[in-house]
Structure formats: structure tokens, C-alpha cells
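What you see is a predicted model; the values in this text were computed from it and never measured. Reminder, nothing fancy here: chain letters follow the sequence lines and each chain counts from 1.
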Number of protein chains: 2
Amino acid sequence: MPRVSDMKQRLTDAALDLMWENSYGTTSVDAICERAGAKKGSFYYFFKSKSELTVAALEAEWNKNKANMDALFSPTIPPLERLDRYFDYVHDRLAELKKECGSILGCPLLSIGSEVSTQDQSVRATVDRIWDRKIKYFESAIRDAHAQGLIVAPDPEAKARALFACYHGTLAQARIQNDVELIRDFKHVAMDVLGVKQAQAVSK
Amino acid sequence: MPRVSDMKQRLTDAALDLMWENSYGTTSVDAICERAGAKKGSFYYFFKSKSELTVAALEAEWNKNKANMDALFSPTIPPLERLDRYFDYVHDRLAELKKECGSILGCPLLSIGSEVSTQDQSVRATVDRIWDRKIKYFESAIRDAHAQGLIVAPDPEAKARALFACYHGTLAQARIQNDVELIRDFKHVAMDVLGVKQAQAVSK
DNA sequence: CTCTTAGTAGACCAACCAGTCAACTATTTA
DNA sequence: TAAATAGTTGACTGGTTGGTCTACTAAGAG
């Protein structure tokens, strides 16, 4: 089996970086190739189309983050603290990225998903699928919190979806206003959504 | 003063329709002209660029909705009911649009804003400005509710921003999943965010 | 050493993009 | 009726887009 290459991954990495910072539409195949150090021929050797590359890039990003997500949402951590740590983690990462590129980028799933949802069903479905996987982390944290009597959430799945949506709205607003402030404040909003009383909130 | 024309408005209407349903990037000047029944020359007679047209289209949309927003958020209506009615109104409108085009479109401010935020500062700033105006409706409803002892919100501006962000996250998720369900449920989430006890919620 | 296979190279294409421009036309005022 | 003004027309341009194609090359297996 001759000749190995990491070009496929370089292409998905480049694509996600560019689409996250800019948008799906303004990220051209040429630009992706340039950033990955590839030529057009290589691109279309690995992917049938820009759409297919995007699906692969989103799945690759998920796989890259999964281990970290598993750690953040480990059942060994008190359930509300899992959420708290996750919010901190995202905040810190976005703040770090802002130093590099000057902008708060929000969540690529939402940006890309919202942009292509009515136009590209396979990308839309991919975003949808990954979105659901991420909600599962919220869901089990919420279920555990309910079981421990920290909150009242008889329908953890619905609560998780609602909280996840609220969080992404905050990330989107942060992107539009290019301001981390809201993200920092979201922790308190999350406690409201979950119905945690101040006294019960995660102590520092 | 010779020759009058409603073409400027036809162009902004067409642009907003297309960008709302599809996206900023995939909405071409040609497509806008076709839908408005204009030729390229007319487009660039009224607007210097696609970017400038978009700014005008967003402002025009705001002006079209303003009277209705003023009515929905009239101080004569109990504060929490104002929000309730607003959520109903948006839900009904999006459900109606879905019948026409097959998709839940979400909020054009968020879709367009998120897409262009890092690329087009004047459109970004316009979205930002209109976003702030809309928050004002939430803010005064929240302040009134606080004054009446219906909720505890010592910082109505922050609460309004948070609630608005949560709502838009829900609208974005509805667009991505093409599902009204979440929007229907948002009313209850809003009451959680505001800290309204069930018994105090708007009665039917 | 050579065959096979996985990957690379880059010229090329038709479609489309935002934007330009000079000629044209309808309408109002004087 | 004629001049001035407000709006319209559509061909055109140069650059970009996603995608194709044929020729090429590096490396492991026999």
C-alpha cells in the first residue's frame, strides 16, 4: 500500500477553520486548498464536492472534541458543575480564538447550520446529528441533577434541548456583537433556566 | 419632479425575502432584481452595493414591523402578557411562512448577522442596532413586571438581553431542525429565565 | 526492478458573480 | 413645448466559483 498522506485531515481542518471564522459561502475550495497546502486535484481526490467535505469536516471536529467532552461531563463530577465547567471551557476557548483572529466566533454548528439549512440537506442533517449528540451531555447532567434533588426537571430531554438552544443563542449574539460578556454571564442564565436557587448554585 | 417609482422598496423587499429564506451569500444581485422585476441598472441606481442594499432592507423591515411591535408591547397590556403575545405572534408568523416555503426560517437578523459578522461591518452594525432596539421592548416589559412584583429582575437590561439571546437560539435551532415545536415550548422557558412561578404565569 | 496503487499536479472550463456605463424614456414644471 | 429631472435598460467586464481531466509521482509488494 503505497504513499500515505495526512492531506484529508489537513483539508477538513482548513475548511472548518475558514468556515468558522468567515462563513460557508465565502469559504472557497481554492482558499481551503491554499490553507491546507493542497492543489485542487487532491481536494477532489478525497471529496466529491464542497458539501461532502463540509460533512466530513464537521464529523472530524466532533471526533476531535469528543474525548474532552467526555471528560468535562464525566459522571464523577457533580452534575451542575459539569455544565459550569463546560461553559467555562467554551468561554476560555472563544476568548483565546479572539486573540488570534480578532473576533468572537460563536459555534460553527449554528453558523454553518443556519446558513445552509434550506439549501444543503446533507450538511443540515450532519449539523442536526451532532447537535443531538451534544445535547445528550446536557441531558444526562440534568437527569442526574434532578435525581439528586438539585433541580426539578421531570423531562430532562426537553430541558436539555431548551438549555442548549438558549446557550447557542447567547453564542450567536456574542458573535454578532463581537463581545464575550454575554457568554460569561450565561452561567447565571443557565441556573435560571434549570430552576436552581442561588443558594444551591455551584459553589466556588 | 418627474417619474415616481416604488422600485426601491420592491428591491429591499425582494432582498429580505431571499436572504431570509436562503442566505446572504447565496442571494445574488441578479436574483434580487429578477424577483423585484428590475434590471441591474435600476439596482445600482438606488444602491451603491449589495452590502448597502442589505442595510436598507434590514432597516425597511424594521420600519414595517415597528407599529405592530408597539402594539404588542403596549404599556396597556400586563407586562408578562406582552411577551406571551409576542412569542405567539412570531410562532404563528413562522408557521405561516412554513406553509409557503416549506421551511422554518427563524430570525433574519440572526441568520444574516451571524453569516456576515466577520466580513461586512456595516451590515453587522445594522443588525446590532436593530437588535438593540428590539431588546428595548423586552426590557421595559421586564422592568414593569419587576415593578409589579411579578418577577425579581433588578437589572432589566441584562435580563432582557439574556432572554432575547435565548429566544434567538431557539429560533435558530428551529431553523436548523426545521421544526416549530421548540418555538411553541419557548414560552415556558421564558418564564423560567424570568423566574416566574408557575402559578403567576399568564393565565389562559 | 517493476508493477500496482494511493496520492499529487495544475491547466482548464462553463457558469456565475458584483459592479459599470452610455443610451434611453417617462413625467413634471416653466 | 421644451428643458430638467428621476428612473430604466441591458449589454458588457474582469474576476471568481465549484468542478473536471489527464498526466504525473512516490512508495510498498512481488
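- Under a 3.5 Å cut-off, the side chain of A/Arg175 and the backbone N or O of B/Ser114 do form a donor-acceptor pair.
- Straight-line distance from the CG atom of A/Asp6 to the C1' atom of D/dA26: 15 Å, rounded to whole Å.
- Dashed line: the shortest gap from a side-chain N or O of B/Ser49 to OP1 or OP2 of C/dA18 is not under 4.0 Å.
- In this structure, B/Arg35 contributes its side chain and B/Ala15 its backbone to no donor-acceptor pair below 3.5 Å.
- Note on B/Lys50: only backbone sugar-phosphate atoms sit closer than 4.0 angstrom, heavy atoms only; bases stay farther off.
- At the heavy-atom level, A/Thr27 lies under 4.0 Å from the strands shown only through sugar-phosphate atoms.
- Using a 4.0 Å cut-off, some side-chain N or O of A/Tyr45 falls inside it from OP1 or OP2 of C/dG7.
- Projected onto DNA chain D by closest heavy-atom contact, A/Gly41 and A/Thr26 fall at different nucleotides, the more 5' of which corresponds to A/Thr26.
- A/Lys50 forms a cation-pi arrangement with A/Tyr24, by the criterion of a distance under 6.0 Å to the ring centre and an angle within 45° of the ring axis.
- A donor and an acceptor atom sit less than 3.5 Å apart, one in the side chain of A/Lys40 and one in the base of D/dG19.
- Residue B/Lys39 places at least one side-chain N or O closer than 4.0 Å to OP1 or OP2 of D/dG10.
- Separating the CD atom of B/Glu52 from the P atom of C/dG19 is a distance of 10 Å, rounded to the nearest angstrom.
- Across the protein-nucleic acid pair, B/Asp30 atom CG and C/dA15 atom P stand 15 Å apart, rounded to whole Å.
- Checking side-chain atoms of B/Trp20 against main-chain N and O of B/Gly106 turns up a donor-acceptor pair under 3.5 Å.
- Within 4.0 Å of A/Phe46, counting heavy atoms only, lie sugar-phosphate atoms of the nucleic acid but no base atom.
- A straight line from CG of B/Leu18 to P of C/dC17 spans 12 Å, rounded to a whole angstrom.
- The six-membered or imidazole ring of B/Phe164 lies near that of B/His168, with a centre-to-centre distance under 6.0 Å.
- Contact between the side-chain N/O atoms of A/Tyr44 and the OP1/OP2 oxygens of D/dT20 is not found at any separation under 4.0 Å.
- With rounding to whole Å, B/Phe43 atom CZ is found 15 Å from D/dT9 atom P.
- The nearest whole Å value for the distance from the CD atom in A/Glu34 to the P atom in D/dT16 is 12 Å.
- If you take CD of B/Gln119 and C1' of C/dA18, they are 15 Å apart, rounded to a whole angstrom.
- OP1 or OP2 of C/dC17 sits under 4.0 Å from a side-chain N or O of B/Ser28.
- A straight line from CG of A/Leu11 to C1' of D/dG19 spans 15 Å, rounded to a whole angstrom.
- Within the nucleic acid shown, B/Ser42 comes within 4.0 Å of at least one base atom, counting heavy atoms only.
- Here A/Ser5 reaches the OP1 or OP2 of C/dT8: one of its side-chain N or O atoms lies under 4.0 Å away.
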